Protein chains: 2
Amino acid sequence: MTDPPRARAPRRDAAANREALIEAARVLLNEDPETSLDTIATAAGLTRRAVYGHFPSRNTLLAELAERGAARVAAAVARATSDDPVVDVALLGRLVWDEIEHVRAMTRMVVHGPLRERIGPALGLIHERLVGDAARAAELGTGRGDLPPEVVAHLIEGAAFTVLDESTRAGLSRVEGRRLVILAGLSALGLSWREAQAVLDTHRALLDEEAQR
Amino acid sequence: MTDPPRARAPRRDAAANREALIEAARVLLNEDPETSLDTIATAAGLTRRAVYGHFPSRNTLLAELAERGAARVAAAVARATSDDPVVDVALLGRLVWDEIEHVRAMTRMVVHGPLRERIGPALGLIHERLVGDAARAAELGTGRGDLPPEVVAHLIEGAAFTVLDESTRAGLSRVEGRRLVILAGLSALGLSWREAQAVLDTHRALLDEEAQR
DNA sequence: GCCATCTTGCACAACCATGTGCAAGATCAC
DNA sequence: GTGATCTTGCACATGGTTGTGCAAGATGGC
């Protein structure tokens with residue numbers, strides 16, 4: 001199980017370079033999801049060749065990046081829950097948003113690309129919670145009862161992606177994005193815009209900085 | 001202005017082949033937006049080499065395909081209007097949906113890719129109409145007043161794309177897709193799910209086959 | 001049937017990626 | 001300082017794409 005005894009400890013700068021690569025990838029893939037390894041390596045202050053000293057393939061690097069993000073999202077999602085399904089949808093929107101709004105393009109790429117399976121668990125967590133919320137909200141009569149919970153969950157998720165795009169286009173601030181993702185999500189859940197606004201008014205913490213810490 | 005006198009009329013099969021290419025591109029690009037020219041040509045019963053007898057470049061072919069689609073959508077959109085902005089949004093959803101539900105992937109690719117400028121006019125038509133509807137609906141109090149009309153229009157458009165995905169995933173029929181795109185659009189406009197349903201109940205023609213002919 | 005009009009088949013250039021091999025150098029641990 | 005641990009720089013293989021050139025063949029117009 002343990003590695004064969006090393007003659008010497010690994011160099012510290014190597015670990016730093018590895019991080020630099022991941023960080024550069026995060027930034028660049030966000031601007032262009034198809035950025036080449038060469039571009040990423042250069043941005044990290046390395047050569048393309050050196051990358052292969054840290055990752056066996058380009059895809060491995062992307063996978064690690066995706067999994068780190070997924071872990072962060074999963075942790076965030078576990079941070080808070082609400083018994084009221086409507087509030088829970090809003091809460092979920094806020095929690096996820098704070099984790100992904102700065103990696104918009106990456107999110108699109110990972111969720112809708114072949115790397116999706118790498119982040120399945122985190123996605124599943126969110127999805128199942130949304131499905132549950134949609135079902136309970138429908139029972140309570142506070143959420144839409146005209147569509148299957150599964151479909152409603154997809155609509156909410158889709159609305160979040162729309163807000164990601166809109167956020168880029170309009171240059172929304174973090175808080176504006178939060179508000180929009182919550183409003184769009186609640187609309188998809190079937191609330192009228194006044195009802196959605198009422199939820200925000202009642203639960204001010206949804207928009208507060210670091211409210212759920 | 002007139003072409004230099006031809007020694008002879010162009011061959012009929014050539015024109016047919018040109019159409020076959022476009023048709024094959026339509027079908028294949030729908031399954032995979034990055035299908036190669038070779039694949040398209042073969043599917044059309046031609047060689048890759050022959051394609052260059054009809055189109056100077058791959059992009060030219062895509063552009064023609066996109067422009068044809070845009071023209072169809074623009075024509076459809078002009079087919080009907082409603083004075084009630086809420087109904088107009090539903091109507092728009094239905095009209096556009098019927099034109100694009102069978103070219104889902106293409107739509108995504110064209111709207112969000114570099115070919116977008118080729119279809120600017122058609123897109124602009126829809127967008128402006130949605131913005132107008134959102135503004136009027138907000139004034140009337142039937143649509144959301146918490147977001148700028150511009151943003152509301154984007155939410156509605158985004159909802160339509162979400163339904164495109166959902167339609168593929170769940171294998172929705174044409175009519176089911178219509179219903180869903182309308183419901184999702186009206187939700188984005190700020191209606192509660194019961195209000196949206198009421199719109200559908202009042203305007204049965206929205207779901208009828210060939211209602212707006 | 002003639003001949004212009006496509007179409008084919010093949011070769012080729014160019015581009016742009018990823019991934020490897022290897023020798024020489026820089027850097028850090030000890 | 002010594003030596004293992006990275007990093008570089010280069011060459012090269014591989015695989016994919018688009019776009020061209022050109023001769024030979026098939027097809028349809030007149």
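None of the values given here were measured: they were computed from a predicted structure. Within every chain, numbering begins at 1; the chains are lettered A, B, ... in the order of the sequence lines, protein sequences first and strands thereafter.
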With a 3.5 Å distance limit and no angle check, can you tell me whether [X] reaches the backbone of [Y] through a side-chain donor-acceptor pair?
X         : Y         : result
Arg144(B) : Ala188(B) : yes
Arg178(A) : Leu207(A) : yes
Thr162(A) : Gly158(A) : yes
Trp193(A) : Gly143(B) : yes

Please list, for nucleotides 10-13 of chain D, all pairs of protein and nucleotide N/O atoms separated by less than 3.5 Å.
none

Tell me, which of residues 32-46 of chain B have any heavy atom that sits under 4.0 Å from an atom in DNA chain C? Gly45(B), Leu46(B)
Per the under-4.0 Å heavy-atom filter, residues of residues 54-68 of chain A near DNA chain C come out as Ser57(A), Arg58(A)
Residues of residues 17-27 of chain A with any non-hydrogen atom less than 4.0 angstrom from an atom of DNA chain D: list those, numerically ordered, please. Asn17(A)
Check the distance between dG19(C)'s P and Tyr52(A)'s OH and give it to me in whole angstrom. 4 Å
Which side-chain N or O atoms in residues 113-123 of chain B pair as donor and acceptor under 3.5 Å with protein atoms at least two apart or in another chain?
residue, atom, partner, partner atom, Å
Arg116(B), NH1, Val111(B), O, 3.1
Arg118(B), NH1, Glu67(B), OE2, 2.7

side-chain contact (heavy atoms from CB on, under 4.5 Å) evaluation trace for Phe55(A) with Ile22(A): CA-CA 10 Å; Phe55(A) 304 92; Ile22(A) 293 183; 3.9 Å; yes
Partner set under side-chain hydrogen bond (donor to acceptor under 3.5 Å, both in side chains) for [X], not counting sequence neighbours:
X         : answer
Asp13(A)  : Arg11(A)
Arg26(A)  : Glu23(A)
Asp88(B)  : Arg129(B)
His102(A) : Arg72(A)

Going by the rule salt bridge (charged side-chain N to carboxylate O under 4.0 Å, His left out), which residues pair with Arg136(A) if we only count those two or more places apart in sequence or in a different chain? Asp133(A)
Filter on salt bridge (charged side-chain N to carboxylate O under 4.0 Å, His left out), then keep only pairs touching residues 158-173 of chain A, sequence neighbours left out; what's left? Arg108(A)-Asp165(A), Glu166(A)-Arg169(A)
Each nucleotide N or O in nucleotides 24-29 of chain C that has a protein N or O under 3.5 Å away: list the pair and distance.
residue, atom, partner, partner atom, Å
dT27(C), O2, Arg11(A), NH1, 2.6
dA29(C), N3, Arg8(A), NH1, 2.8

Ser57(A)-Thr60(A) side chain donor-acceptor pair, cut-off 3.5 Å: yes
Compute whether any side-chain donor of one residue and acceptor of the other, for Ser36(B) and Thr39(B), lie under 3.5 angstrom apart. yes
Given the options Leu95(B), Val96(B), Ile156(B), Ile126(B) meets side-chain contact (heavy atoms from CB on, under 4.5 Å) only with Val96(B)
